[in-house]
Amino acid sequence: MSFPLLTATAALPALGAVATAAVPAKQRTAAKWLALLVSLATLALAVVILVRFDPDGTRYQLTENHAWIKDFGVRYELGVDGIAVALLALTALLIPFIILAGWHDADPLETGSRRWRPTQGFFALILAVEAMVVISFEATDVFLFYIFFEAMLIPMYFLIGGFGDRAHEHGEEAAATQRSYAAVKFLLYNLVGGLIMLAAVIGLYVVAGNFSLQQIAEARASGSLHMATSTERWLFLGFFFAFAVKAPLWPLHTWLPNAMQESTAPVAVLITAVVDKVGTFAMLRFCLQLFPEASKWATPVILVLALISIVYGALLAVGQRDIKRLVAYASISHFGFIIMGIFAMTSQGQSGATLYMVNHGISTAALMLVAGFLISRRGSRLIADYGGVQKVAPVLAGTFLIGGLATLSLPGLAPFVSEFLVLVGTFTRYPVIGIIATFGIVLAALYTLVLYQRTMTGPVKPAVSAMPDLRARELVVVAPLIVLLIFLGVYPKPVTDIVNPAVKQTMSDVHKKDPKPEVEAAK
């Protein structure tokens, strides 16, 4: 039997979470180092998967298939395609930086505080989320995917509600109330989506007789499994609703600004750069592959919702007073681009959407983590409390600028390539949608440059006059992300080579071909 590489990649952070939580209370530093080493070991396994994966090989590789709950046809079935490999690598890459960035975020609060912040629990929960996200990318059994799709809500709930940002203008008691509200809102939104999906999962089993993604897709392609049009549409809506909440897509997005605002910066990155990617990934893997006709039927409405997300998220980002809420609404706009690319039903759009998932994860991590370092120094999330930072902390300001420029998709930085592909892929089939979506780019430039101008330029405010620049640990966090943004902006081929074959197979699933260019006949 070959080594179960996919299982090991998910099991290692899960076991690391248990081990980290079990470290004695006084050994906080040991718990941090243990969590970091486990995340680095997981990254090493992800690199092995990346090396062993053959983009031109079979669709699902490194597969594992074992009986689990025989009476209900549930199997422990894993496999990765190019899209899953890219997102698995992104997750494994970001977790060590998240842990390093949050090195002191769960340290005990000042003497006399009524709240205890168990350091071991904070890092154990991060590893638990990583394990659940990884196996969600690997699962090819629908029921297995559903279990971990829902289970990741539990550690995220405690990370948001129990380890919130210390920078709050109304004091600790008000901060605790806001954290609880954000955590409960996050949980309720996603639980409702999950319950609707559960009904659709059960309905899929009734129709197909098993939960295997590959078997159901093959049976549908061969014609041996017929699904009534109305049944397929209802099942599609059940799956899509849950994924749209997780993504998040307007109007199911309202939990995200609260969750990111009240979380520590590393947890905010975990939410939007890692966990939310499961929603958009699942649209590609499950919605399009299991319900191709219903996906095409719903495309016009989904494209309109994605377009609203792009413009609405960018407009609200422009008017934000809170740095974290600004990044949250910017992410809503970016997820609109990703979903638009997926349902444009073109190879450029879907390749761009997958590349956008990767690039958005890196750019958002860079911007939000630097913003977190900034907020921890000043003790405020309000944009108005800053000014002139670039004069006292030029390295911090410079990295903040690069992260912001990546967010607005400046040419030469990674998100530009993916956003360009999404817009081109959408325009070739839906030109009006593509044209309107370009206004999101203009608004992105507005909110990013205004944010930088108000926080980093101008006279130095007294409260930031003694602000220290980035420290060595913080540079270790930020520098690799900046390098990746530049490298993938200039040379995205390593990622596109992995995802393009998977995208072609997805296009085949929905029986779509790229539209031919309209060339006016010569007179």
Side-chain angles (χ1 to χ4, degrees), residues 55 81-84 86-87 236 240 243-244 247 249-250 276-277 279-289 291-311 313-314 331-361 409 411 414-441 444 488-489 492-493 495-518:
D81 61 1
I83 299 169
L87 294 175
F236 167 85
F240 180 80
F243 303 151
L249 177 68
W250 184 92
D276 287 355
K277 298 297 187 299
T280 46
F281 162 79
M283 291 178 189
L284 277 165
R285 171 167 279 191
F286 295 100
C287 287
L288 268 61
Q289 193 170 344
F291 315 110
E293 297 306 318
S295 297
K296 290 184 284 187
W297 162 75
T299 287
V301 174
I302 294 172
L303 287 177
V304 170
L305 295 178
L307 186 61
I308 294 173
S309 289
I310 292 169
V311 178
S331 290
I332 291 169
S333 181
H334 295 150
F335 275 104
F337 277 108
I338 294 171
I339 295 170
M340 185 177 73
I342 292 171
F343 284 90
M345 301 295 182
T346 61
S347 58
Q348 299 100 324
Q350 292 187 359
S351 292
T354 306
L355 188 60
Y356 211 136
M357 292 185 226
V358 175
N359 292 336
H360 172 263
S409 299
F416 169 76
V417 182
S418 44
E419 194 164 285
F420 180 78
L421 284 172
V422 166
L423 288 171
V424 169
T426 304
F427 183 83
T428 57
R429 199 180 292 279
Y430 303 99
V432 175
I433 297 289
I435 291 170
I436 298 174
T438 57
F439 286 101
I441 302 174
L488 293 177
K493 190 173 183 293
V495 181
T496 56
D497 283 350
I498 292 173
V499 304
N500 282 346
V503 166
K504 289 180 181 177
Q505 291 168 325
T506 304
M507 289 284 291
S508 176
D509 291 335
V510 293
H511 310 294
K512 281 283 190 178
K513 294 182 179 180
D514 290 331
K516 295 180 180 180
E518 294 182 7

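Leu488 approaches Ala414 most closely through the heavy-atom pair CB-CB, 3.7 Å. Of all heavy-atom pairs between Ala294 and Phe236, the closest is CB-CB, 3.6 Å. Looking at every heavy atom in both residues, Leu423 comes nearest to Ala437 through CD2-CB, 3.8 Å. Arg285 approaches Gln289 most closely through the heavy-atom pair O-CB, 3.0 Å. Of all heavy-atom pairs spanning Ala247 and Ile339, the tightest one is CB-CD1, 4.0 Å. Ala314 and Ser333 make their closest contact through N-CB, 3.8 Å (heavy atoms, listed as atom of the first residue, atom of the second, distance).
For Ser331, the side chain to side chain donor-acceptor pair (under 3.5 Å) partners are Thr272, His360, not counting sequence neighbours. Annotation: side chain to side chain donor-acceptor pair (under 3.5 Å) contacts of Asp276 (sequence neighbours excluded): none. Every side chain to side chain donor-acceptor pair (under 3.5 Å) that Ser347 has, sequence neighbours left out, goes to Asp514. Looking at residues two or more places apart in sequence or on another chain, you find a side chain to side chain donor-acceptor pair (under 3.5 Å) between Lys493 and Asp497. Under the side chain to side chain contact (heavy atoms under 4.5 Å, CB included) criterion, Phe427 pairs with Pro431, Ile435, sequence neighbours left out.
At a threshold of 4.5 Å between non-hydrogen side-chain atoms, the residues Leu284 and Thr280 do not count as touching. Residues Thr299 and Tyr430 are in side-chain contact: their nearest non-hydrogen atoms beyond the backbone lie under 4.5 Å apart. In this structure, Glu419 and Asn359 have side chains that are not in contact, with every pair of non-hydrogen atoms separated by 4.5 Å or more. By the 4.5 Å heavy-atom criterion applied to side chains, Leu249 and Phe240 are counted as neighbours.
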Set out, in order, the CA-CA distance, both residues' side-chain angles and the distance that settles side chain to side chain contact (heavy atoms under 4.5 Å, CB included) for Met357 and Ile342, then state yes or no. CA-CA 11 Å; Met357 292 185 226; Ile342 292 171; 4.3 Å; yes
Open item on the list: Please evaluate residues Met340 and Ser309 with respect to the criterion side chain to side chain contact (heavy atoms under 4.5 Å, CB included), reporting the C-alpha separation (whole Å), side-chain torsions for both, the decisive distance (0.1 Å), and the verdict.
Closed with: CA-CA 10 Å; Met340 185 177 73; Ser309 289; over 6 Å; no
_Test side chain to side chain contact (heavy atoms under 4.5 Å, CB included) on Phe343 and Leu288; report intermediate values, then the result._
CA-CA 9 Å; Phe343 284 90; Leu288 268 61; 3.8 Å; yes
Evaluation steps, side chain to side chain contact (heavy atoms under 4.5 Å, CB included), between Ile83 and Gln350
CA-CA 10 Å; Ile83 299 169; Gln350 292 187 359; over 6 Å; no
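Taking CD1 from Ile310 and NE2 from His334, the interatomic distance works out to 9.5 Å, rounded to the nearest 0.5 Å. Taking CZ of Phe420 as the start and OH of Tyr356 as the end, the distance is 14.0 Å to the nearest 0.5 Å. To the nearest 0.5 Å, atoms CD1 (Ile302) and CH2 (Trp297) are separated by 8.5 Å. Remark: Phe335 CZ to Lys277 NZ distance equals 4.0 Å, nearest 0.5 Å. Thr354 OG1 to Leu87 CG: the interatomic distance, rounded to the nearest 0.5 Å, is 7.0 Å. With rounding to the nearest 0.5 Å, the separation of OG1 in Thr426 from CD in Gln348 is 9.5 Å.
Under the 3.5 Å distance criterion, the side-chain polar atoms of Arg429 are matched with a main-chain donor or acceptor of Met345.
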For residues 498-506, which side-chain N or O atoms pair as donor and acceptor with protein atoms under 3.5 Å away, sequence neighbours left out?
unit_1 : atom_1 : unit_2 : atom_2 : d
Asn500 : OD1    : Ser351 : OG     : 2.7
Asn500 : ND2    : Thr496 : O      : 3.2
Thr506 : OG1    : Ala502 : O      : 3.0

